[in-house]
A.B. asks: 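The structure under discussion is supplied below as structure tokens; questions concerning it will follow.
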Amino acid sequence: MAHDETLRTRRQVLALAGGAASAAVIDAKLSGAAMAAAPMMGVLRPQIYRFKLGAFEVVNILDGYIQPPSFHPTYGNDQTPEAVAEVAKANGLSNKFETHYVPTLVNTGKELVLFDAGNPSGRQPTTGKLRSLIETAGYKPEQIDVVVITHGHPDHIGGLITDGKPTYPNARVVFGEVEFDFWKKGVVREARKDNLEMFNRIAVPFGEKATFLKPEGEVVTGIRAVNAFGHSPGMMAYHIESEGQRLLVWADVANHYVMAIQKPEWHVGFDDIKDMAAATRKRILDMASTDRVPVAGFHMPFPSIGFVEKAGGGYRWVPASYQFNL
Ligand SMILES: [Zn+2]
């Protein structure tokens, strides 16, 4: 009995000293429990994030990611490698970076609207997960009513087709008119030759039954197109509004949360019309920061929802925290 009392006293003393965990360890040792080391299991990423926007629900889904070895010359295409490395370092980043691919699904209560189809499955081991994650999130591919293609690049159209068939068999596809016409004309820069072949193979067959929008055109009530030409000749962003709550799905207006937002005027290798893309970037960053409109950014770090603030002659990306859960 005296022994038990001693133990209790030791536990109480440790707990009072803020050592509740130590007390637990002593308990485990005394009871003879095995202390096996847990195996290392690698990075575990969040892949699905759903939140409310007025009467709508919005789901961001991580189709995948890649880790390019160097920002330059993709970012700061018209700058020196040193200038780009300096901005990376000032933001606590190395030259190696990560690009996320994040389509947005909106449930308006009447329709399920998917913005972009993600990468083709099998393009890389770390991409092309959208369809299976849509199911994980609780939706069937057959339930998707509309797929809006912001622009014709591979990471946005690739997932329209799975095993030769439409991935979302009941969906109406929406293209920007200028964008679709650009690819149909078939005059592209050298770097987009493979992309053109892919657009013809994957996207053009949807053209027969598709809807084509001009800027300000409406997808469904509460969702309208915004001119974002430049990254590709006819890219569109989309403005979503429900019960006074707003969200800008900006597609590839800015493709890295530091480089393209702090230095919006810098040329980006992926941009098809570089001056126009930079001008669009500045216009939309200015609008997002002035109006404090939250943004869903296809290539922003997952969950890819944030705000833009003016800072130091440029802008900065401020990830959302719990604002949308309240
Ligand atoms: Zn993209």
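Atom set for the values below is all heavy atoms of this structure, side chains included, hydrogens, waters and symmetry mates excluded. Whatever order the structure lists ligands and atoms in, that order sets their numbers, starting from 1. Just so it is clear, the model here is predicted, and its values are computed rather than measured.
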A.B. asks: Do Asp155 and His299 pair up side chain to side chain, a donor and an acceptor below 3.5 Å, judged on atom types alone?
C.D. replies: yes

A.B. asks: Measuring from the Zn ion (ligand 1), name the closest N, O or S atom belonging to Asp252.
C.D. replies: OD2

A.B. asks: Near the Zn ion (ligand 1), is there an N/O/S atom from His151 that is less than 2.8 Å away?
C.D. replies: no

A.B. asks: Classify the angle between the aromatic ring planes of Phe270 and Tyr75 as parallel (below 30°), tilted (30 to 60°) or perpendicular (above 60°).
C.D. replies: perpendicular

A.B. asks: Can you confirm whether or not the ring centre of Phe199 sits under 6.0 Å from the ring centre of Trp183?
C.D. replies: yes

A.B. asks: Could you tell me the angle subtended at the Zn ion (ligand 1) by NE2 of His299 and OD2 of Asp155, rounded to 10°?
C.D. replies: 90°

A.B. asks: Could you tell me whether Arg172 and Asp145 have a side-chain N and a carboxylate O separated by less than 4.0 Å?
C.D. replies: no

